[in-house]
Amino acid sequence: MKRYIAIVMALFTILSVAGCNKVSDLITSDTDSEESSYRAEDDDDDALKAGFIFNLGTDATDTIARIADIRTMQSDLDMTDSQILIETDVSNADCGETIDSLVEDGCNIIFACYSGYEDAVLEAAASYPDVEFCVEGGKQAEKSELTNVHNYYVRLYEGYYAAGVAAGVKLNQMLNDGEVSSDNCVIGFVANKENARTISCINAFYLGVNEVCTQSTVMVRYTDSRGVYDDDGEAAQQLVKAGAGLMCQFTSTTAAAAVCAENDIPIVGNEVNIINTAPNEAITSVAADWSVYYTYAMQCVEQEQTIDTDWCGGYEEGAVTLTQLNDQYLEEGTVEKLQAVELELRNGTAAVFDTTKFTVNDSSLADLVETDDDFSKYKKYLSGDEYLESSKRSAPTMDFYIDGVEVSTYDYIAAEEATSESTDEYDSDDEYDETDDSDTY
């Protein structure tokens with residue numbers, strides 16, 4: 001059944017009032033997605049139409065952020081509601097049927113906002129040569145040789161690098177105040193899936209922290225799910241039990257921020273502003289502005305120009321940014337540090353993955369690509385002392401961890417509960433019964 005969301009009035013009215021900040025107060029853990037079936041009566045069959053397909057519902061931060069950016073694009077291009085067709089909660093198996101439906105309704109361009117759709121898109125693109133298809137995070141456009149398939153992504157790692165600098169300033173203050181110790185300075189990182197998209201951001205975040213604080217390590221916890229609030233929260237709880245004094249996330253809910261708020265742990269969020277969720281703990285959030293690409297691709301179709309096969313934007317293109325800084329929680333010097341870093345990112349002079357500033361398996365990456373067969377494939381991404389992420393294709397390629405980052409699967413919660421039960425049992429068995437001893441005596 002089709003579930004078009006031409007306008008979700010309550011959501012977008014608030015978004016328009018909120019301005020450019022990606023607000024998180026619209027997201028709750030127990031709010032069901034309510035979708036409206038809207039079809040404008042004044043449809044113009046000759047008007048340019050765009051279809052958007054999401055695998056998560058409208059309660060997911062991923063979807064909320066992207067739909068807000070769709071509306072920005074719509075406003076910038078002066079498009080009507082009938083020209084924007086949005087489908088949410090579409091499984092991989094249903095993607096092909098959804099594409100068929102969008103094409104039947106006159107879509108000239110379709111944005112598949114999930115990399116898992118790529119196979120279905122490639123099949124559909126061969127059947128609909130007059131429709132342009134854009135796959136977020138896709139990898140196969142160039143190899144497919146289909147001229148109507150395009151991959152796009154953003155250099156999200158740039159935002160995580162900048163946020164890492166802000167987090168590093170906070171971590172220094174916590175070390176100075178004795179809130180964390182130098183021998184146990186652990187940063188927790190909650191992420192959904194282990195892939196190059198998340199790993200490149202984790203590495204960049206850690207390098208950003210190291211620009212101002214070199215005493216930390218990063219412990220990563222994967223949920224192996226996407227958009228599941230309880231899974232994100234459980235992963236964050238595990239990191240709290242592991243001793244994380246600061247947190248970062250790459251997830252599709254605000255659960256990690258809620259856990260940090262409960263435990264007074266500073267956190268860097270993603271996609272949406274998390275200050276309302278963690279008013280005293282949020283530092284900022286890393287966000288993509290997908291409207292930059294949506295607008296570019298739509299204009300190409302409108303002007304009958306070729307869309308790039310692989311497109312990747314970052315700070316320089318205005319496609320990556322940080323959301324509102326939590327002014328009440330920032331440490332002195334944070335803004336100045338961030339301004340300097342973001343200026344370099346905007347003018348293209350920042351080397352986020354400077355290979356002189358990190359090692360992999362205790363070796364330099366430059367040496368590994370020459371001596372280790374497992375790393376030889378990364379040689380083409382090296383230029384001087386820099387690993388040029390997303391330089392050959394839009395999707396990230398850095399699927400290895402730099403030293404200082406580790407993945408944890410240990411069940412800290414269960415271990416703590418077992419220790420507690422053992423202690424309780426010991427106390428119960430060895431309890432001194434004064435009455436019994438007296439009677440025996």
Side-chain angles (χ1 to χ4, degrees), residues 1-23 25-27 31-90 94-95 97-114 117 121 124 128 130-136 152 271-272 287-304 307 319:
M1 179 179 180
K2 297 178 184 177
R3 291 169 299 189
Y4 290 120
I5 313 172
I7 304 178
V8 183
M9 290 301 297
L11 173 63
F12 300 127
T13 299
I14 298 174
L15 281 172
S16 63
V17 173
C20 63
N21 290 327
K22 304 200 173 193
V23 295
D25 54 331
L26 304 176
I27 311 164
T31 301
D32 292 332
S33 169
E34 294 186 4
E35 303 175 359
S36 64
S37 295
Y38 171 86
R39 300 290 289 154
E41 295 181 358
D42 59 343
D43 281 2
D44 181 356
D45 291 337
D46 295 327
L48 180 66
K49 288 185 180 180
F52 296 83
I53 309 174
F54 296 93
N55 73 317
L56 298 179
T58 54
D59 58 344
T61 57
D62 286 8
T63 309
I64 288 176
R66 285 159 178 76
I67 291 180
D69 292 337
I70 291 170
R71 296 308 167 188
T72 297
M73 175 271 293
Q74 178 183 353
S75 176
D76 289 345
L77 298 181
D78 196 25
M79 297 177 68
T80 65
D81 294 319
S82 63
Q83 292 177 269
I84 307 292
L85 305 180
I86 301 174
E87 290 269 11
T88 65
D89 278 319
V90 177
D94 292 336
C95 183
E97 182 179 346
T98 302
I99 290 174
D100 291 339
S101 179
L102 290 172
V103 172
E104 288 174 9
D105 282 300
C107 286
N108 312 89
I109 181 171
I110 294 175
F111 297 86
C113 304
Y114 175 53
Y117 293 147
V121 168
Y128 303 113
D130 295 330
V131 178
E132 301 293 334
F133 293 88
C134 305
V135 185
E136 179 185 323
Y152 70 97
E271 295 287 5
V272 295
D289 186 349
W290 300 102
S291 72
V292 175
Y293 180 75
Y294 299 155
T295 301
Y296 156 75
M298 291 292 292
Q299 288 177 327
C300 285
V301 174
E302 188 174 38
Q303 299 168 14
E304 297 184 351
I307 302 173

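Because only heavy atoms are used, hydrogens play no part in the values below, and waters and symmetry mates are left out as well, while side chains stay in.
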Item to complete: Begin with the C-alpha distance, continue with both residues' side-chain angles, and end with the deciding distance and a verdict on side chain to side chain contact (heavy atoms under 4.5 Å, CB included) for V301 and L48.
Response: CA-CA 8 Å; V301 174; L48 180 66; 3.5 Å; yes
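- Remark: side-chain polar atoms of T61 are not paired, donor with acceptor, to backbone N or O of E271 under 3.5 angstrom.
- The distance between the ring centers of F52 and Y294 falls below 6.0 angstrom.
- For the atom pair OG1 (T58) and CD1 (I67), the distance works out to 6.5 Å, reported to the nearest 0.5 Å.
- Here the side chain of K49 pairs no donor or acceptor atom with the backbone of I109 at under 3.5 angstrom.
- Between the OG1 atom of T80 and the CD atom of Q83 there is a distance of 3.5 Å, given to the nearest 0.5 Å.
- In this model, a donor atom of one side chain and an acceptor atom of the other lie less than 3.5 Å apart for Q74 and D81.
- No side-chain heavy atom of D100 sits less than 4.5 Å from a side-chain heavy atom of T98.
- The side chain to side chain contact (heavy atoms under 4.5 Å, CB included) with E136 is formed by just one residue from the set Y293, F54, W290; it is W290.
- Proximity of E132 to F111: side-chain heavy atoms (C-beta onward) are nowhere separated by under 4.5 Å.
- Pairing each heavy atom of S291 with each of D69, the nearest pair is CB-O, 3.2 Å.
- Of the inter-residue distances, the one linking F133 atom CZ with C107 atom SG reads 9.5 Å to the nearest 0.5 angstrom.
- One N or O on the side chain of T72 and one on the backbone of A68 form a donor-acceptor pair closer than 3.5 Å.
- We find the CD-CD distance between E87 and E97 to be 9.5 Å, quoted to the nearest 0.5 Å.
- A distance of 11.5 Å separates CD1 of I53 from SG of C134, quoted to the nearest 0.5 Å.
- Atom CD in E104 sits 12.0 Å away from atom CD1 in I99 (nearest 0.5 Å).
- Between I70 and I84, the closest side-chain pair of non-hydrogen atoms falls below 4.5 Å.
- In this structure, N55 contributes its side chain and Y114 its backbone to no donor-acceptor pair below 3.5 Å.
- You'll find the side chain of L85 reaches within 4.5 Å of the side chain of D105, heavy atoms only.
- Side chain of S75 to main chain of R71: no donor-acceptor pair is present (N/O by atom type, distance under 3.5 Å, no hydrogens or angles).
- Remark: the backbone N or O of V90 is paired with a side-chain donor or acceptor of Y117 at under 3.5 angstrom.
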